[in-house]
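So the structure is just underneath, and the comments pick up after that.
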Amino acid sequence: MASRQSLLVRVSKNYRSVIRACMEEMHQVAIAAKDPASGCQFSSQVSILSAMELIWNLCEILFIEVAPAGPLLLHLLDWVRLHVCEVDTLSADVLGSENPNKHESFWNLVTILVLQGRLDEARQMLSKEADANPASAGMCRILGELMRTMPILSPGNTQTLTELELKWQHWCEECERHLQDGTFAASPRLESLCKIMLGDEVALLEQKELLSNWYHFLVTRLLYSHPTVKPIDLHFYAQSSLDMFLGGESNPEPLDNILLAAFEFDIHQVIKECSIALSNWWFVAHLTDLLDHCRLLQSHNLYFGSNMREFLLLEYASGLFAHHSLWQLGVDYFDYCPELGRVSLELHIERIPLNTEQKALKVLRICEQRQMTEQVRSICKILAMKAVRNNRLGSALSWSIRAKDAAFATLVSDRFLKDYCERGCFSDLDLIDNLGPAMMLSDRLTFLGKYREFHRLYGEKRFSDAASLLLSLMTSQIAPHSFWMTLLTDALPLLEQKQVIFSADQTYELMRCLENLTSRKPDCGEPDTQRLQEDDIETTKVDMLRLALARNLARAIIREGSLEGS
């Protein structure tokens with residue numbers, strides 16, 4: 001359990017480091033912006049990122065680290081120091097001056113250091129004042145000693161909370177005694193610092209400008225009044241600190257409401273308020289996912305079946321799909337939504353515009369990896385249709401085969417055959433030669449593959465095999481009737497060979513096919529000149545075929561008779 005918790009804390013810190021890196025990059029862009037409007041826009045983004053990191057850090061302390069009383073305050077101090085960081089710039093400015101104690105911001109710096117619990121640094125500043133101003137040296141040394149002896153629970157300390165509280169009580173009594181005795185009466189500034197260290201709320205509120213916000217006031221108040229505060233009591237101090245700090249002068253901002261909800265340990269309210277206040281789903285989706293891994297959201301299911309984590313991840317992923325390149329990241333988010341992720345991915349995939357083949361291939365690979373059969377078929381069909389429109393028949397055939405779309409494969413095969421009739425040769429020979437089992441997708445595709453095989457056999461001078469294949473294409477009815485004349489014409493060179501290629505039976509079959517073809521000629525109405533020319537060519541072809549078939553039949557009968565006689 002401990003190792004799991006430490007892992008989740010490490011993941012949370014990684015998220016925060018990413019936010020801070022983005023914030024730093026955006027800050028640099030804002031500085032470099034030439035246009036004031038752009039600079040203002042980038043600065044606004046920096047503010048949003050800063051608020052996101054502030055909220056995440058607090059959630060990490062309260063929900064993920066689950067810091068107990070004692071260490072809780074140390075974490076909250078680090079939280080404030082990280083997010084109220086102007087003090088470091090101020091410190092560098094003061095210490096870099098010729099006489100730091102004479103600097104106009106010297107006492108502001110000392111006060112802020114005390115407000116943030118950075119007492120060692122405050123003591124060093126007071127020693128500079130003591131060295132430069134002998135009149136106040138004694139008071140500075142006493143206050144510095146009080147700072148040094150202030151009891152605080154350090155990370156490696158083994159003392160119990162009870163021991164800490166006892167030491168704290170004695171230390172407070174000593175501070176109070178110095179105030180009562182008027183030790184710092186001659187220096188209002190030092191007296192104010194001593195009051196702050198006693199947790200005097202009036203003295204603290206006098207430093208409103210230096211505290212800058214109510215949650216800084218809250219942590220300083222806890223540090224000097226309730227250092228062993230329990231997590232369960234935080235909401236009470238948070239609400240009262242907010243009320244005291246604002247003093248009824250203004251209403252809480254959305255950020256204030258989010259932080260209050262966190263101090264109240266109301267995770268669902270934190271997520272709800274963040275969803276309303278922030279401009280996109282990245283923050284709530286990732287924070288909710290992390291809290292869900294901490295097993296803090298199991299009881300919260302939404303009315304439509306999905307849990308809160310999945311709902312927010314789906315929303316974020318849907319937003320990514322609207323982007324021209326980030327949609328690929330959205331796929332991974334859908335993968336991590338066990339209930340509705342698959343359905344949502346299918347719906348979004350279908351809406352992606354397939355502007356380029358490269359993008360289509362990416363989408364296709366995603367679908368194939370997830371066995372999304374219907375989407376694969378749909379994409380392949382779209383690509384096949386695009387290829388046909390662009391007259392890229394090889395690509396169209398390849399996509400229709402991949403889509404396992406028999407009707408479209410038939411259409412493309414017909415286009416190949418038409419193209420062959422017009423040009424006298426096939427395009428995309430590599431594809432047709434390597435169809436393999438894919439040619440069984442449709443009869444027309446089978447015919448295309450086998451017809452190409454006939455040409456290959458003829459080219460290799462394997463005339464008997466070529467003749468048998470040609471005849472089988474016609475007699476098996478696999479060849480379209482519109483292509484029979486082309487096939488019979490292809491038989492002519494084989495019929496004219498010196499050696500007899502077609503047997504008598506095969507020749508009879510070819511004759512039957514020719515007669516079937518000529519008897520099917522439809523009546524086309526009134527003939528025009530072009531039609532008459534085509535009919536003349538057709539008649540010439542038929543006459544040549546009949547003559548060639550008759551001669552081959554005679555040769556085949558003589559050859560077969562002589563073979564029987566011998």
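Owing to the predicted nature of the structure, the values given are computational and were not obtained by experimental measurement. Position 1 is the first residue of the sequence, and the numbers go up from there.
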So which atom in P353 and which in K359 form the shortest heavy-atom distance, rounded to 0.1 Å? O-NZ, 3.3 Å
Would you indicate whether the side-chain heavy atoms of C337 and F311 approach each other to under 4.5 Å? no
R365: partners by side chain to side chain donor-acceptor pair (under 3.5 Å), with sequence neighbours left out: none
Using atom types as modelled and distance alone, determine if a side-chain donor or acceptor of K13 lies under 3.5 Å from a backbone N or O of L8. no
Taking it one step at a time, do R4 and R295 satisfy side chain to side chain contact (heavy atoms under 4.5 Å, CB included)? CA-CA 11 Å; R4 176 182 169 79; R295 301 191 177 99; 3.2 Å; yes
Less than 6.0 Å separating the ring centroids of H235 and F265? no
Rounded to the nearest 0.5 Å, what's the gap from OH on Y333 to CG on L312? Could you check? 12.5 Å
Could you tell me if the side chain of L494 sits less than 4.5 Å from the side chain of N552, heavy atoms only? no
Should the pair D335-R342 be classified as a salt bridge under the 4.0 Å nitrogen-to-oxygen rule? no
For Y215 and F263, I'd like to know if the aromatic rings sit close, meaning centre-to-centre distance below 6.0 Å. no
Side chain to side chain contact (heavy atoms under 4.5 Å, CB included), that's the test. Do S275 and W281 meet it? Break it down for me. CA-CA 7 Å; S275 300; W281 295 102; 3.9 Å; yes
What I'd like to find out is whether the side chain of I61 reaches to under 4.5 Å of the side chain of D78, using heavy atoms alone. no
I want to check something: taking the side chain as every heavy atom from C-beta on, are V46 and F42 in contact at a cut-off of under 4.5 Å? no
Pairwise side-chain contact, I349 with M372, heavy-atom cut-off 4.5 Å (strictly under): yes
Please output the side-chain donor-acceptor pairs of residues 22-33 that fall under 3.5 Å, not counting sequence neighbours, one pair per line with the distance.
from, atom 1, to, atom 2, distance (Å)
E24, OE2, Q28, NE2, 2.8

Can you measure from NE2 (H293) to CG (L291) and round to the nearest 0.5 angstrom? 11.0 Å
Rounded to the nearest 0.5 Å, how far apart are OG of S12 and CH2 of W56? 6.0 Å
Measure the shortest side-chain to side-chain distance between Y15 and V11 over non-hydrogen atoms and say whether it is less than 4.5 angstrom. yes
Heavy atoms of other groups near Q328 CD, more than 12 under 6.0 Å: yes
Would you say T475 and R512 make side-chain contact, with heavy atoms under 4.5 Å? yes
Calculate, to the nearest 0.5 Å, the distance between atoms CG and CD belonging to L7 and Q5 respectively. 10.5 Å
Could you check whether any side-chain N or O of Q269 sits under 3.5 Å from a backbone N or O of I258, counting only pairs where one atom can act as donor and the other as acceptor? no
How far apart are the C-alpha atoms of W327 and K362, what are their side-chain angles, what is the distance that settles it, and do they pass the side chain to side chain contact (heavy atoms under 4.5 Å, CB included) test? CA-CA 11 Å; W327 64 269; K362 282 182 185 175; 4.2 Å; yes
Test side chain to side chain donor-acceptor pair (under 3.5 Å) applied to D256 - qualifying residues, sequence neighbours left out: W214
Give a yes or no answer on whether the side chain of S344 reaches the backbone of L340 with a donor-acceptor pair at less than 3.5 Å. yes
Minimum-distance pair of heavy atoms, taken over all atoms of V270 and C59: CG1-SG, 4.1 Å
So does T288 get a backbone contact from the side chain of D292, meaning a donor-acceptor N/O pair under 3.5 Å? no
What pair of heavy atoms forms the shortest contact from P338 to R309, and how long is it? CD-NH1, 4.3 Å
CD1 on I271 to CD1 on I267, rounded to 0.5 Å: 6.5 Å
Less than 6.0 angstrom separating the ring centers of H75 and W79, yes or no? no
Considering all heavy atoms, the nearest L314-G341 contact: CD2-CA, 4.0 Å
Here the gap from E273 atom CD to I55 atom CD1, rounded to the nearest 0.5 Å, amounts to 10.0 Å
More than 12 heavy atoms of other groups within 6.0 Å of Q369 CD: yes
Minimum heavy-atom distance Q375-C367, with the two atoms named: CB-SG, 3.8 Å
Under 3.5 Å, is there a donor-acceptor pair between the side chain of E310 and the main chain of E339? yes
Could you tabulate the donor-acceptor pairs under 3.5 Å formed by side-chain atoms of residues 542-549, not counting sequence neighbours?
from, atom 1, to, atom 2, distance (Å)
R546, NE, E515, OE2, 3.3
R546, NH2, E515, OE1, 3.4
R546, NH2, E515, OE2, 3.3

Please name the pair of heavy atoms, one in L62 and one in A262, separated by the smallest distance, quoted to 0.1 Å. CD1-O, 3.3 Å
Taking C-beta and beyond as the side chain, do W282 and I19 meet within less than 4.5 Å on heavy atoms? yes
Candidate pair F321 and H348, rule ring-ring contact (aromatic ring centres under 6.0 Å, His included), full reasoning: CA-CA 7 Å; F321 260 81; H348 281 83; 5.3 Å; yes
For residues 467-483, the salt bridge (Lys or Arg N to Asp or Glu O under 4.0 Å) pairs (sequence neighbours left out) are none
Show every donor-acceptor pair shorter than 3.5 Å between a side-chain atom in residues 465-474 and any protein atom, with sequence neighbours excluded, or say none if there are none.
from, atom 1, to, atom 2, distance (Å)
D465, OD2, R462, NE, 3.4
D465, OD2, R462, NH2, 3.4
S468, OG, S464, O, 3.1
S472, OG, S468, O, 3.4
S472, OG, L469, O, 2.8

I'd like to know whether Q45 forms a side-chain hydrogen bond (donor to acceptor under 3.5 Å, both in side chains) with Q41, so could you lay out the CA-CA distance, the side-chain angles of the two residues, the decisive distance to 0.1 Å, and finally the verdict. CA-CA 6 Å; Q45 291 296 316; Q41 187 181 358; over 6 Å; no
